[in-house]
Visitor: 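Before we start, here is the structure in question, set down as structure tokens.
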Amino acid sequence: MRQDWRKSAERIRKRKLADFVNAELKRRAEERAGYELQWRLNIRFEKGDQYCDAVLPAGEIFEQEKQYYWQEREVFNHIAPIVEARLARLGQVRPLMTVRPASSDEADRQRAQLCTDILRAVYYRLDMQEKLKSAAQWSELCGSAFYKVGWDSGAVCSNVKCGDVSVTVCPPFEIYPDSCKSRSVEECRSIIHSRILPCSEIERLYGVRAKPQESPVLGGAEEQAAQGECATVAEYYEMPGTEHKNGRLLITAGDELVYEGELPYRNGPDGSRVLPFVRQCAIPDPTGFFGMSVVQRCIPVQRAYNAVKNRKHEYLNRAAFGVVAVEEGAVDMQTLEQDGLCPGKILVYRAGATPPQMMPVGQLPNEFAREENQLLQEFEMISGVSEMMRRSYSGAATSGVALSLLNEQDNTRLAVTSESIRDAAREVARMWLRLYRQYATAPRLMQAAGENGSVNVLYFQGSMLNSDDVVHETENELSQSVTQRRQMIFDLMARGLFAASGGIEPEEKSRLLAALGLGDWESVDSLNTLQRKAAQRENEGLAPLEINAADDHAAHMQEHERYMMTETFERMEREEPERAAALTAHYIAHREAAGAAGDR
């Protein structure tokens, strides 16, 4: 009897939690309704459906009807090429990150390099460039996009199911902050990630058959009925507080609670738990959570441009086909309506009546052409997309310096958006390292393959990732073109900056070729680099302390000496004296072998 009472009380408690999440989702959806309506309007204008408007009280978008049946309603879409030009330029932003060491210690430098190699491997494995493009498309249309960074426990790494990091691009339609007045993700105490999933997928993920909903909104982009049986899955993420020390994660499917627990990820600074979302904005709004879109600014100009062009076409139609004045009863009106005053037509009219005649149309006022040019200039001013970006330039400027200045101005207008992309990518990279530090408790192997065809194998575990100070390896790609960067490298090489007494070092040569985009010529590590990496694995305890026949004793001894002079080795001597003694004996064995072979 008591057990039944406990089960009933537990069901009631879960029902209350599910009702709480659904009530919060409804409240936040009502608060966000104005933003969502604007996003839907932006998407329709970009697609070319531009004779519509939004009514906030009704929360609907309605079609604008023609005032007259003959009225021209063509669309002269300038918003789509503006968005395409911005996306093409923003696609050049390729934020590669590097990790700064926690200290000047040599071991920390090597671990920082390991973290950098891990970031690059994950960047290419997750195809982050495509995810950045997808997020840029959403942010250009709606003003904001979000990255959800998590840990996929079912991911397979090196044919072993050991889990790995994951990144999901979330449209702003799926994100519900606790307040739209919050200015960043860090200011939010909770965020709901809501999406529509098929009931079969919900059952596969959570083992619960959710009750289907009649007509949910798919993706939030347009109102449309769900295909098949679907339900809303809402994930409620709450920051740590006095009541929930490690935060809280509640997941509901329809009206049922399917998961309850604490925030799973230590993805914040110093191992803290924070919301697993990163925001990216087209134009940040300092007064609210969601960013602003260029499309929203262009909509009034687009409406005015369509009106001017259509009125001009209506005038041309009148000038081409004419307007006929006919005295009542003078001619057969049905015949005149069907054929008009076509060339060679025999027109019979009543005797004594005034014959039909064409009414004068007059000249098109100059204000139409002037207004059209002004609207085109407003498109450029509002969007930051110049004529040179949208199409082949045919302006007055012909010198290289002038064209370079115009290109620089275009990049300057996009600097805010491009920096938001880079900042978001950097925060995502920091979360990757923190998740590996949390979940990669055992040594694991990762294959790193870069753009230049180089292949490397990384051995690491979470305790080795002692720094998440991620910075951008390169400057903003829009500040300098690829040709400018290559020319700068050639100039520095000509001035002897990279040349040593014996020429350019092999490591520097590989880096230079990679910077010039010619890394395939040096796609494999040099033999000396492989020897040093093997010695570094021995230092970290990832390889047995054995002397192989292929070892270069000088290279191994140099790496061991460098490691034995660090604070890390001194700490090892105090805390792990047996391991420190084994490494010392291994170094002595290398020295003896080198002396016997006459290497030193």
Visitor: Between Lys309 and Phe76, is NZ or CZ placed under 6.0 angstrom from the six-membered ring centre and within 45° of the ring axis?
Guide: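 Yes, Lys309 lies over the aromatic ring of Phe76.
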Visitor: Check this for me: does any side-chain nitrogen of one of Glu229 and Arg209 sit under 4.0 Å from a carboxylate oxygen of the other?
Guide: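 Counted as a salt bridge, because a side-chain N and a carboxylate O are separated by less than 4.0 Å.
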Visitor: Strictly distance-based, threshold 3.5 Å: is any side-chain N or O of Arg279 a donor or acceptor partner for the main-chain N or O of Phe289?
Guide: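 Checked: pair present.
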Visitor: Could Lys211 and Glu256 be called an ion pair, given the rule that one side-chain N must be under 4.0 Å from one carboxylate O?
Guide: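 Result for this pair is no, no salt bridge flagged.
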Visitor: So that I know where these two stand, are Trp39 and Phe173 an aromatic pair - ring centroids less than 6.0 Å apart?
Guide: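 Centroid separation for Trp39 and Phe173: below 6.0 Å.
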Visitor: Is it true that Asp423 and Arg426 make a salt bridge, defined as a side-chain N closer than 4.0 Å to a carboxylate O?
Guide: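 Yes.
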Visitor: If we ignore hydrogens and angles and just use 3.5 Å, is the side chain of Thr417 paired with the main-chain N or O of Ala282 as donor and acceptor?
Guide: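 It does hold such a pair.
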Visitor: Within the distance-only criterion (no hydrogens, no angle test), does the side chain of Arg28 pair as donor or acceptor with the backbone N or O of Tyr176 below 3.5 angstrom?
Guide: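 Yes; at least one donor-acceptor contact below 3.5 Å.
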Visitor: Examine distances only and state if a side-chain atom of Arg32 and a backbone atom of Ile175 form a donor-acceptor pair shorter than 3.5 Å.
Guide: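 Yes, the answer is positive, given that a donor and an acceptor are paired below the 3.5 Å cut-off.
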Visitor: Any donor-acceptor pair under 3.5 Å linking the side chain of Glu187 with the backbone of Ser182?
Guide: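 Here the side-chain-to-backbone pair does not exist.
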Visitor: Mark yes or no for whether Arg430, through its side chain, and Ala425, through its backbone, hold a donor-acceptor pair below 3.5 Å.
Guide: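 No.
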Visitor: Students often mix this up, so state it plainly: with edges at 30° and 60°, are the rings of Phe379 and His78 parallel, tilted or perpendicular?
Guide: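 It falls in the parallel class, under 30°.
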Visitor: Taking the side chain from Asp468 and the backbone from Leu433, do they hold a donor-acceptor pair closer than 3.5 Å?
Guide: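 Side chain of Asp468 to backbone of Leu433: no pair is present.
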Visitor: Quick one: does NZ or CZ of Arg248 land under 6.0 Å from the six-membered ring centre of Tyr237, within 45 degrees of the ring axis?
Guide: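 Here Arg248 fails the 6.0 Å and 45° test against Tyr237.
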Visitor: Applying the side chain to side chain contact (heavy atoms under 4.5 Å, CB included) test to Gln302, which of Ile79, Ile82, Val295 qualifies?
Guide: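 For Gln302, the side chain to side chain contact (heavy atoms under 4.5 Å, CB included) check succeeds only for Ile79.
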Visitor: Tell me whether Asp255 is salt-bridged to Arg15, with the criterion being a basic N under 4.0 Å from an acidic carboxylate O.
Guide: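 Judged by the 4.0 Å cut-off on N to carboxylate O distance, Asp255 and Arg15 do not form a salt bridge.
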Visitor: Answer yes or no: is there a side-chain heavy-atom contact under 4.5 Å between Tyr123 and Pro95?
Guide: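 Yes, close enough: below the 4.5 Å cut-off.
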Visitor: Does the distance from a Lys or Arg side-chain N to an Asp or Glu carboxylate O, for Glu262 and Arg273, drop under 4.0 Å?
Guide: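 Looking at Arg273 together with Glu262, the answer is yes, because their closest N to O distance falls below 4.0 Å.
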Visitor: Does Asn42 use its side chain to pair, donor to acceptor, with the backbone of Leu141 at less than 3.5 Å?
Guide: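 Confirmed, Asn42 side chain pairs with Leu141 backbone.
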Visitor: Looking only at the aromatic ring of each residue, does the gap between the centers of Phe277 and Phe146 stay below 6.0 angstrom?
Guide: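 Judged by ring-centre distance (under 6.0 Å), Phe146 and Phe277 do not meet the cut-off.
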Visitor: Salt bridge or not for Arg27 and Glu31, using N-O below 4.0 Å?
Guide: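 Salt bridge present between Arg27 and Glu31.
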Visitor: Among Glu174, Glu201, Glu235, which residue satisfies the salt bridge (Lys or Arg N to Asp or Glu O under 4.0 Å) criterion with Arg195?
Guide: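 Of all the options given, the one that passes is Glu235.
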